[in-house]
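Chain A is the first sequence line, chain B the second, and so forth, proteins listed ahead of strands; every chain is numbered from 1. Not measured: the values here are computed from a predicted model.
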Amino acid sequence: MGGLLTEAFLSSLFTGAIVAAIPMLLAGLGEQMSEKAGVLNIGIEGMMLMGAYMGFLVAFKTESLWLGFLGGILGGVLVAIVMAVLCVRLGLNQIVIGIGLTLGVEGLTALLHHFQFSRTYPRLPAPERLNIPGLTDLPVIGPSLFGRHLIVYLALIAVAVLAYLYRRTNLGMTLRAAGERPAALDVAGGNVLGIRVFATLFTGGMAGLGGAYLANIGAGLFIPFMTGGAGFIGIVLAMLARGRPLWVLIGSLIFGAALSMTTALQVAGSNIPTDVIQMLPFAAVMLVLVLFGRRAKLPSALGAAYERGAR
Amino acid sequence: MTKRFPGVVAVDNVSLKFHPGEVHVLLGENGAGKSTLVGILSGLQEPDEGYLSLNGEKARLASPSASLDAGISTVFQHSMLVPTLTVLENLTLGAPWYQRPPRAQIAARMDELKREFALSLPLDAITGELSLGQQQQIEIARALLRDSKVLILDEATSMLTPQGAQELGERMQQLVKSGLAVIFITHKLAEAYRYGNRISVLKQGALAGEMGPEELKGMTEDEAVDEIVRLMFGREAGQTSTDHRASTARDQIALKVENLSTQGDADVMGLHDISLSLRAGEIVGIAGIDGNGQKQLAEAMAGQRALTSGRVELHGEDITGASVAQRRRKGLRYLTDDRLSEGSVGAFPISENTVLKDIGQPPFWVNGIERPNRIAEHARELIRTFSVRTPGEQTPIGRLSGGNIQKVLLGRELSGDARVVVFNKPTYGLDLQNIDASRQRIAEIAGRGLGVVLISTDLDELMALSDRIAVMEGGRIRGVVENDGTGEALRLRIGRMMAGEEEHKQATA
Amino acid sequence: MQQDTNPSSVDTEAAASGAASATATERSAFQRFLTVTVGPIVAAFLLSAIILMLVGVNPLTYYGYILDRSLFSSLGLEQTATRMAPLLFLVASLIIAFRAGIWNLGTDGQFLLGAVIAAATAPLLVGVLPGWAVLLVGFLLAALVGAIWSIIPALLKAYQGVNEIITTLMMSFLGVLLASTLVKLAFRDPTTTVPQTRTLPVADRLPRLFETSISSGLVWGLIAVILVHLMMTRTSFGLRLRMVGANPAAATHAGLSVPLLTMATFGLSAGFAGLAGASEILGVAGNVRANWNPAYGLMVIPLVFLARFHGVGAIVLVFFYSALMIGSESAARRLGVPQNFTLVLVASLLICLGLGEYIDQHKRKKER
Amino acid sequence: ADVDTIAILTPEQGSDYGWNQQGVDAAKAAAEATGVEIIVAEGLGYGDVRAPMREIAADGADLMIAHASGYNTAGPEIAEETGVAVAIVDSPDALVPGKVADYTLSGHEGAYLAGRLAAKMTTTGTVGIVVSGEPPSWNSQSAGFAEGVKAENPDVKILYSVIGPAAYSDAAGGNRVTTSVIAAGADIIFGQGNGSSFGMIQAVESNKATDGSDVLFIDVIGDKSELDKGHLLTSVLWDMTPVYTAMIEDLKADKFGTHGYSISLADDSVKLVKTPQVDEKAWEEVMALREQIIAGDIKVEPKFEAEDVRALVTVAE
Ligand SMILES: Nc1ncnc2c1ncn2[C@@H]1O[C@H](COP(=O)(O)OP(=O)(O)OP(=O)(O)O)[C@@H](O)[C@H]1O
Ligand SMILES: Nc1ncnc2c1ncn2[C@@H]1O[C@H](COP(=O)(O)OP(=O)(O)OP(=O)(O)O)[C@@H](O)[C@H]1O
Ligand SMILES: [Mg+2]
Ligand SMILES: [Mg+2]
C-alpha cells in the first residue's frame, strides 16, 4: 500500500477517526452520567438529532459556530427536559418515552428541514482550526491532533473534568447512589430526583453538543436522520466504560478509528467487499463484549423509576 | 397521628412524646405500625391526620432531608447503605455534589466516636464487603456524625450478636446521657427492658399502653416482660419458649451427609469434609456465628450448590447427583433464610408463590397447563392453616410483612410429602407470637417423624428445640454436642466451639 | 434489594399476572378506557394538529384522510390488516423476552436474517416441494436463523451475566449489515441487475384471505401472539420463564436452571423475530433487496410495553398503529406534508399513551 | 387507451437535487406535455410500496411510475392485480404488454465523459469516487467514470470509497470520507449520494488538494449549480422527461410494455452541465467525444456490479 500511505492520507485518517469519534464521545459522556444515576436514556438519539438541527440552525442564522454549539446544547436539553419530566418526575417507562422522543424528533426535524432548507441546502463555511505553531506542523499527527476546532479540545477537557468531578467531589458518589440504591440516597438527605433530572439534562446537553458537532463541523450542514445511530453507539460506549470517562474516550476513538479504517481499506483498493468491511466496527465492539463484557457491570436501579416509600 | 394504607389503618390515632435523655422503646407485633411511624418521623411518609411538633413547634417533615435538618436521624429496619460505595462515601452521602468529601474532618470525628462509643470503621473499605454488623455500625456512625437530636433505630439489634446488641445498648445509654432522644424498636423484650427508659406498645396501629421510667424502674425484668406481653398480645406470659423439648428421635436414619466439601471463593465460604447424620423425628441444630458455612451446607444438602466431594443420602437412597427438584420430590425440603430475594418472587401473587417449587407438577399443572383454581385453592388452604395475614391469595407476596411471607414459605416447604426439612433461621425477624408458633410447628413436624436440620444463630432457639447441636466454624463442623438442656455449661461449650477454640470432634451416629 | 434492571420488573403489576388486575372494580371499565386509550389518543392528535397548523395544513382534513384511508374504506382496512402480520410476530417475540426479563433490542437483525433465509430458500423449493411445505420450510428456517443470531448474546447473558441491551443492539447492527451482504454475495438473484434475492411468485406466497388482498400472515400472526400470551401466562414453562425474569435467585432456589431458561428465552424470542421476517417475505414482499430494513422492531417495543405485555392489548395497539401508518401515507401525499410527519404523530401518541397509563395508575392507587 | 392521470412514486421527497427531484420534475413536465393529470407520491420510503400503489390505482391513475429500484417487485405485482400500467426501473427483462415496462436509467455514457473531463483537468494526477452505497445505477456510473479516466490518461489514479452503514443520510460520513480521499491525493471527486452528497460537497469546499489547488466536485443526476460556491465541475444530468412522455404516448397508442426505455446522450436525456469551473478547451474536446459516442465510434458498456467498479479503480501496491 506504499503509494497511498502518504503523510496527508494518514493524517486524514487520524483526522477522520477523531472527527467521527467526537460526537460519539460527547454522547457517550452524557449517557454515562444518566446511566450512573439510573436513567437509561434511550432518547439520546433524538437529543443528538435535535442538537444537530438546532446547532446548525443557530450557526447558520447567526454565522457563529459558537452560538451554534450553544444552540445544539439547548436543542438537546429541550428534548431532555421532556424526558426528565416524564421519566424521572412522573416515572414513566424510560424505554417507551426514549423511543418515542427519538421518533418524534426524527419526524419533527425532517419536517422542519423540508420547509426550511430542502430547496437551498445551505452549508456552513469550513470551520476555523486551532493553529498551534510548532505542534500543528508535526508530520502526520500534527494536523490531525492539533489542527482541530477548539471544540475538540473542549470535549477532551470534558473527559478530564468529568473524571475529576466523579473522583474528587461528591458528584460521583451521589450519582452512583442514585443509580445503585436511590432509597439510600433519599434517606441520607440527598435529592434523588434532582440528581437524576440533572444527569438527564446533562445527557441532553452533551448529546446536543455532539449533534451540533456532527452537523456543523462533521458535515457542515443539516440532513434529516443524519445521526444515523450515533446515539445508540453512545449508549453502548457508556455501558462498556463502567463509569469511567476515560474509557468512553478510548472506546469512541477505537470506534472512530474503525470507521476511518473502512475508508482506508477501500481507498487502498482492498478486494474485500464493502459490506464486509463496514461490519468491522460493530464486529470489533462485539469482540470486546465477548472478551470483556462480563465486567460491564450496570447500576442496580438502572431503568427503574424511583418513588419514595414504594416497595 | 393517623396513617392509612389501602385497606389498613397502619397508625391509628397515636400520640407519643419523645424526650431528650431517654431511650424510648417501641414494641409491637409484626405489622403493628412501628415502621410506619418511623417512616413518618423520617420524612418518608406523611401522616393522613395529626401533626408533629418539634420543641413545641408544629413541623412538617415532607422529605427525608427535612427530617434530617430537623435533627432526626434514622437507622432503618433494612439497610440503607449503598453497597458499592466506600464507607467514607456512605458516611457523607447526601452532601452537595460539588463539595469534596471532607475526609480529614470525618476521620477526626470517627476518632472521637471510637473513643466515646467504641465505633471503629475502615473508611476506605467497600461497604458491601463488610459484615452486616459493621454495616450497621456505619449507619449508626452516620447518624452520630450528623449531631442529631433524635436517633431512631428500627430493629437495629436483629442483625447483631448478643455481644453486639449489648454494646449497642450501652452506646444508646451513653447517647441519651449526652442529651439525645433515642427511639428504639425491637422484638426482644429483654432488650426493651434493659436498654429502654420508656416503653410504648403498639397494637394494630393503635397505642396499647405505655410504661414510663418510674414504672419501669419499679419492675423486675420478668414483671416488665409479662406486662409487655399482656399489652402486645392480650395474653399472659408463661410460655417460656426456652423450655427444652422432649426428643422424638427414632432409629431410622433420615439424612446422611458424608465427607462433603464445596468450593469456596472470596465471597463464599467453602465447606470442608462435613459429615452429619440425622434420624427421623430428630432435630439437629446447627450453631455458629453467621457466615461460617451454614448457608452453604444447607444449599449443598438441598442440591443448590455443587459439591467437590462427598455424598448425601436420603433415607438410605443416594441423592448426591439429584437436582433440587428431584430432591424436593423425594421429600427433602429447604426453607431459605433469604425470604425476599431467594424465597419469593415479590411481584407474583401469593398463590403462585405457594407452588413455585412445584412448577409443572400435578395437580397444579396438568400436561404443562396451569390450573389456576387448584393453585388458588391450595393457597387459600395454606393461608388458613398458617394464619397468613393477607387480603387474599392474589395479593403480590411482596406486599406482606416479612413475618407473613415467612409463613407462606414455611407452608410451601411443608406441603406434600416432606421427609426431611432444612430450616435456615426460620424465626429471624418474626415477632414473639410468630416465633412461638413457628417453633411449635418445627417441634410438631419432628414429632410426626420428619428429620429436621435447624440452622440458627440464636442459641436459645437451638437449645430449646434440638436433640443435638453441631457447631460450625470456618466451613467445618467443630463438634457435635448432645443437647441435654443443661443451660449455661452447654452454652459455654458451644460458644467456645463457635469461636473455633475447641478441637475438631467429628459427628458420630 | 430487588434488582430492577430487567424489563419484567419495570411494571410489576403486569408481570404479576393478568388475573390479579381484577381488583380495581370501583371505576367503571369505561372510565378506564377513557383515561388509558381514548384520552391519550385525542390528546396526541390535538398536539399533532398544532404542528400541522403551524406548517399550514388543515388538521381536520388530514385526520379525515387517515380515518378514511385506513379504516373506512375496504381497501384501506385490507392494507391495515396486511401491515399487521409481521408486527404481530414481533409482538410475540417481545412478549416472551420482556415477560422473561430479557431486553431483546436486537429484533431488527433477527428479523432481517430470518427474512433473508426465507427469501433465499423458498423460491428454490417451489416445484420441489408442495406449496405448503415450501412455506413451512421458509418459516422454520427463518425461526432457526433468527434464533442462531441470538446465541452470542444469550450465552454471554446466561453464563457471563453480560447485559443483553448492548449485545443485542450490536448484533442487530451487525445482522442488518450481514443480511445485506448475504443478499449481495450469497443469495443474489442472478437474473436481476438490482441486488436482491430470487422472488417467490405471488401464487406461491401465503394465500390471501378470501377475496381480499389481506395476507393470511395476519391469521398466523394473531395465532402466534395468542399462543405466546397463553404460554407465558398459563403454562408451567411460561411461569418458569417469568420466574427467571422476575427473580433469578428465587428461580435457582426453586431448582430451575436459570442459564438454560435464559437461553430458551433468547431462542424463542429471536425465533419469533425470524418468523416475523419470514411472514413479511413469504406473505407480502416475495424477496429481499439489499439494504432493505423496515426497522419494525424499534417501533413494536413501545407498543408491547404500553400493552403491559398483554397479548390482546398488543394486538389492539398494533392494529391502531398499522391503521395510522397506512392512513397517514395517504393523507401525507394528498396534503403535501412529508411522510415524516407520521413519526411526529406516532411519537405524540406514545408519549400521551404513556401519560394516560400514569394517570390511570395514580387514580387506581388513590382508590385502593 | 385513454390516459388521463399518471402517478409518480418516489422513495424520498422530490427536493433532493437528485434522483427523486429529477423524477418528479420530469413526470410533471411529461404530464404537462401530454395534457394529463399527475399524482405525486413522494417520500414513500424503501419499504413496502404496495399499499400506496393500490390506493393510487383505486384513485384512477392510468400509469404508475414506480421510481425506485426497490419498487420493481411490487410494481409488476400491482399491475397484475389492479390492471393499471406500471413503469419500473432496473429490470430490463420485465415487460408485460399493456401493464409493465421498464426504464433502466444509467448515465454511464455521461459518467464516461465526466471521467474524460476529470482526467484532463486533474493537477494531482488522482481523482476520487465517493458513493453512499452501491446500487446498480451508481455502479454503472462509477465504472463509466473510471473507464473515462483511464481512456483519457491511464496514469491517473482512481480512488474509490463507499461511506458506511448509515450512508444515505450520513452527511458527516460523506464529509469525512471525502476528506480522506482528498488527503490521499484526489483533486476531483465524483460523488454519488443522497443527503450524504452535501457532506461531500462541504468537504470539497473546505479542503485543499495535496498540491494546494482547489478541489472540484462532479455531481450526478440532478443539477446543483444553483447551490454551488465555485467547486462544482460538472454534473451528469439526467432528464427523464422524454422517457415519461414516450411512456404516456405508448400507453395511449396501446404500445406500452412492448419495449423498455432508457436515457442517452443522443437526445440529451443524459448530458453534462457546464460550469464556470470547466476549462474551455477540455470542454470542447469532451463534446467532441460525445459526438463519437453518439455515432457509435466509442462504446461504453454499462457495468452494474460493484466488483466491476473495484476492478477498475487503482489498487495500491
Ligand atoms: N405502604 C403500605 N401500603 C399498604 N399498607 C401498608 C404500607 N405500609 C404499612 N402498611 C400496613 O401498615 C401496617 C403497619 O406496618 P408497619 O410496617 O408499620 O409494621 P411494623 O410495626 O413496623 O411491623 P414489624 O414489626 O414487622 O416491623 C401493616 O399491617 C401494613 O398492613
Ligand atoms: N408497598 C406496600 N404495599 C402494600 N402493603 C405494604 C407495603 N409495604 C408494606 N406493606 C404492609 O406493611 C406491613 C408491614 O410491613 P413491614 O415490611 O414493615 O413489616 P415488618 O414490620 O418488617 O414485618 P415482619 O416483622 O414480619 O418482618 C405488611 O403487612 C405489609 O402488608
Ligand atoms: Mg417494621
Ligand atoms: Mg419487621
Side-chain angles (χ1 to χ4, degrees), chain A residues 38 40 42 46 82 86 90-97 99-115 118 181 183 224-225 229 232-233 235-236 239-240 273-276 278-279 281-283 285-286 289-290 293-305 311, chain C residues 1-7 9-11 51 55-56 103 105 152-153 155-156 159-163 165-167 169-171 173-174 177-178 180-182 184-185 290-291 298-299 301-303 305-306 337-351 353-355 357-358 361-362:
Chain A
L40 183 60
I42 296 264
V82 181
L86 296 181
L90 302 186
L92 296 191
N93 185 287
Q94 293 168 9
I95 304 276
V96 177
I97 298 302
I99 292 177
L101 285 177
T102 297
L103 293 176
V105 173
E106 282 178 352
L108 193 64
T109 51
L111 200 67
L112 292 171
H113 173 267
H114 176 78
F115 288 106
S118 72
R181 284 204 69 186
F225 304 96
F232 288 114
I233 303 289
I235 295 177
V236 170
M239 285 185 167
L240 278 175
T274 319
D275 300 87
V276 176
Q278 286 173 351
M279 281 188 233
F282 301 99
V285 173
M286 255 342 272
L289 281 168
V290 170
R294 109 196 64 133
R295 306 209 197 124
K297 177 98 178 51
L298 298 179
S300 304
L302 184 63
R311 298 191 195 173
Chain C
M1 175 97 205
Q2 166 74 36
Q3 305 272 305
D4 271 328
T5 330
N6 71 55
S9 56
V10 169
D11 187 358
I51 295 173
V55 299
W103 290 108
L105 299 190
I152 295 180
L155 286 172
L156 286 175
Y159 296 98
Q160 305 264 313
V162 179
N163 182 283
I165 295 182
I166 335 178
T167 52
L169 213 52
M170 278 295 116
M171 287 305 280
F173 283 128
L174 264 180
L177 289 168
L178 179 64
S180 176
T181 309
L182 286 175
K184 288 180 189 168
L185 301 182
N291 301 320
L298 196 64
M299 201 45 248
I301 291 171
L303 300 184
F305 260 97
L306 289 172
V337 183
Q339 286 288 331
N340 303 318
F341 177 73
T342 313
L343 288 175
V344 178
L345 191 50
V346 168
S348 9
L349 210 53
L350 286 180
I351 291 171
L353 282 170
L355 273 173
E357 185 81 353
Y358 169 80
Q361 270 177 12
H362 262 240

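With a threshold of 4.5 angstrom between heavy atoms, C/L156 approaches chain A through side-chain atoms but not through N, CA, C or O. Proximity to chain A (any heavy atom under 4.5 Å) is shown, for C/L345, by neither the backbone nor the side chain. When heavy atoms are compared at a cutoff of 4.5 Å, A/L108 approaches chain C by way of both its backbone and its side chain. Looking at A/L103, the atoms closer than 4.5 Å to chain C (heavy atoms on both sides) sit in the backbone and in the side chain alike.
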Report task. Test side-chain contact (heavy atoms from CB on, under 4.5 Å) on C/N340 and A/H114 and set out the steps. Result -> CA-CA 10 Å; C/N340 303 318; A/H114 176 78; 6.0 Å; no
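Scored by the ring-ring contact (aromatic ring centres under 6.0 Å, His included) test, A/F115 finds no partners at all (sequence neighbours excluded). Every residue two or more places apart in sequence or in another chain that forms a ring-ring contact (aromatic ring centres under 6.0 Å, His included) with C/F173 is listed here: A/F282.
In this structure the side chain of C/E357 never reaches within 4.5 angstrom of the side chain of A/L92, judged on heavy atoms. Using a 4.5 Å heavy-atom threshold, the side chains of A/I233 and C/M170 count as touching. Annotation: side chain of C/I351 is in contact with side chain of A/I97 (closest heavy-atom distance under 4.5 Å). C/I165 is listed as a side-chain neighbour of A/L40, based on a closest heavy-atom distance under 4.5 Å. Using a 4.5 Å heavy-atom cutoff, the side chains of A/V290 and C/V162 are not in contact.
One distance of note links CH2 of C/W103 with CD1 of A/I42; it measures 7.5 Å at 0.5 Å rounding. Atoms CE and CG, from C/M171 and A/L289 in turn, are 10.5 Å apart once rounded to the nearest 0.5 Å. Atom CG of A/L302 is separated from atom CG of C/N163 by 7.5 Å, given to the nearest 0.5 angstrom.
Contact between C/P302 and A/I99 at its shortest, heavy atoms only, is CG-CG2, 3.7 Å. Scanning both residues, A/L111 and C/P338, for their nearest heavy atoms gives CD1-CD, 3.6 Å. Listed here is the closest heavy atom pair of A/M279 and C/L177: CG-CB, 3.5 Å. For C/Y358 against A/L90, the heavy-atom pair with the smallest separation is CE1-O, 2.9 Å. Counting all heavy atoms, side chain and backbone alike, C/T167 lies closest to A/M286 at O-SD, 4.0 Å. The shortest heavy-atom contact between C/A347 and A/G100 is CB-O, 3.1 Å.
Chain C forms the most heavy-atom pairs under 4.5 Å with one residue out of A/G38, A/P224, A/A283, and that residue is A/A283. In terms of heavy-atom pairs under 4.5 angstrom with chain A, the leader among C/V346, C/L169, C/L355, C/I152 is C/L355. Most heavy-atom pairs under 4.5 Å with chain A, from the set C/I51, C/L350, C/L105, C/T181: that is C/T181.
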